[in-house]
Amino acid sequence: MAEFVYENDRLLFTEEMREEYTVLVPQMAPYHFEYFVSAMNSEGYKAELLKTTDYELIHEGMKYSHNDICVPAMLVIGQFIDAIKKRGIDAHKVALIITQTGGGCRASNYIALLRKALKKANLAFVPVISLNAGGLEKNPGFKVSPRLLHKLHDAMLFGDLMMTLVNQTRPYEIKKGETDALRQTIDRELEGYFQHKTLFSWHRQKRVSKKMIKRFKRIPVDRIKPKPKVGIVGEIYVKYSPLGNNHLEATLEQEGCEVVTPPLYDFFLYTFDSRAYDITQYGGPKKERFLLKMFIWYVEVRRHKIRKMLKRSGFDPGVAYKKLKKLANGFINHGTHTGEGWLLTAEMVDLIQHGAPNIVCTQPFGCLPNHIAGKGMIKKLKKHYPESNIVAIDYDTSASKINQLNRINLMVSNAFRMLEKED
Ligand code: SF4
């Protein structure tokens, strides 16, 4: 049995625990987190992704945390406690992992809320690991080694690529279920991909991406009748998580739309870029700024190659980060980087300019950053782009699903009307 070690009252995840414990990972982005877990497991962790999508688990979050905190925090806390209490997991053999963005938002403080909730639920002996890029909290049993970091980078690229391919193929497939079946096959194959022991895997990553695109291209589709493109933007958790947004992607597809969800990597580049921006504006280590800029450059080189392959095969590759950043000009300052900040506005401009003027702007109720950079921008965008058809949807513990659906349906019927007019 692993010994408990504390640092300033914080229970550490020790090397012994790494051998014995299962690390539970909350589900946020279904296309990406599956690969993150495979990457972690290939490096000797026993990680498990929580796939529960029953909204009732929010009650566990509400029971053990203040009801004034944001919905994403309640859902993540609820998902963890629900898994430990109800799903037969041995509470003495699990650790939890949660991301800390390090920004000014409450997302940086979820970890403290989670520990408080565990204490209240008599689970204070469960260690909580922080996954962050700024060295906010350290644990002897959890280290992001250069190889794991590179694998997580590959996982992010594969997640974004898979999301693009599925969203651009599934609505048009002739034989229903073919896209999902291919996705499952590739997901299984990618588990093996992460087992490699080399530090860099550029060529393999490129080769696998090329093969993925080719296989999706082979799925027979019918694109004669166009479908309205609907973009999903907003707060990071409710934007990607089906648990957080009541299965928004599936709902929109059922309504006959093609979903366009911006890449998750853009959010991470934006987070690093925001730190570099702060150093330029307010001072700080120049070396850190240089490294952040180098990292963004490196990721963009890798992503550029994937975008080129996508374009060659007839898929819409999306825009480069630098170009995306410029789209915020004239609407919102790049210094607005709490929560999703200027990125949210830039994503909406990008969607409007690239054939998806229909947008669902998802936001947790009471999420101040998103009310400014998301909902707050709709009027200005409408003035600039009269064709934009944006609906802001609040996700709240008490928000009725019917109300959300009614608003989404209204936006979708406008989208169809606009498409008919164009025709
Ligand atoms: S962005 Fe909004 S929902 Fe997310 S942590 Fe901040 S306030 Fe909460």
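Residues take their numbers from the sequence shown, with the count starting at 1. Remember, it's 1-based here, ligands and their atoms both numbered in the order they're listed. Everything quoted here is computed from the prediction, not taken from an experiment.
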Any idea how Tyr45 and Phe142 line up, ring-wise: parallel (<30°), tilted (30 to 60°), or perpendicular (>60°)? tilted
Would you please classify the geometry between the Tyr298 ring and the Phe295 ring as parallel, tilted or perpendicular, with 30° and 60° separating the classes? tilted
For ligand 1, indicate whether the residue Tyr110 contacts it via side chain, backbone, both or neither (heavy-atom separation under 4.0 Å). side chain
Enumerate the atoms of ligand 1 whose separation from the nearest heavy atom of Glu235 is less than 4.0 angstrom. 1 (S), 3 (S), 4 (Fe)
Only heavy atoms count here, so choose which of Gly374, Ala373, Pro364, Ala73 is nearest to atom 3 (S) of ligand 1. Pro364
Applying side-chain contact (heavy atoms from CB on, under 4.5 Å), run through Tyr64 and Glu60 and close with a yes or a no. CA-CA 6 Å; Tyr64 299 110; Glu60 292 294 339; 3.3 Å; yes
Asn370 heavy atoms, cut-off 4.0 Å: which ligand 1 atoms fall inside? 1 (S)
Applying the side chain to side chain donor-acceptor pair (under 3.5 Å) test to Asn370, which of Glu340, Gln363, Glu235 qualifies? Glu340
Tell me whether the rings of Phe267 and Tyr270 are parallel (<30°), tilted (30 to 60°) or perpendicular (>60°). tilted
Of all the atoms in Cys70, is at least one N, O or S atom closer to atom 8 (Fe) of ligand 1 than 2.8 Å? yes
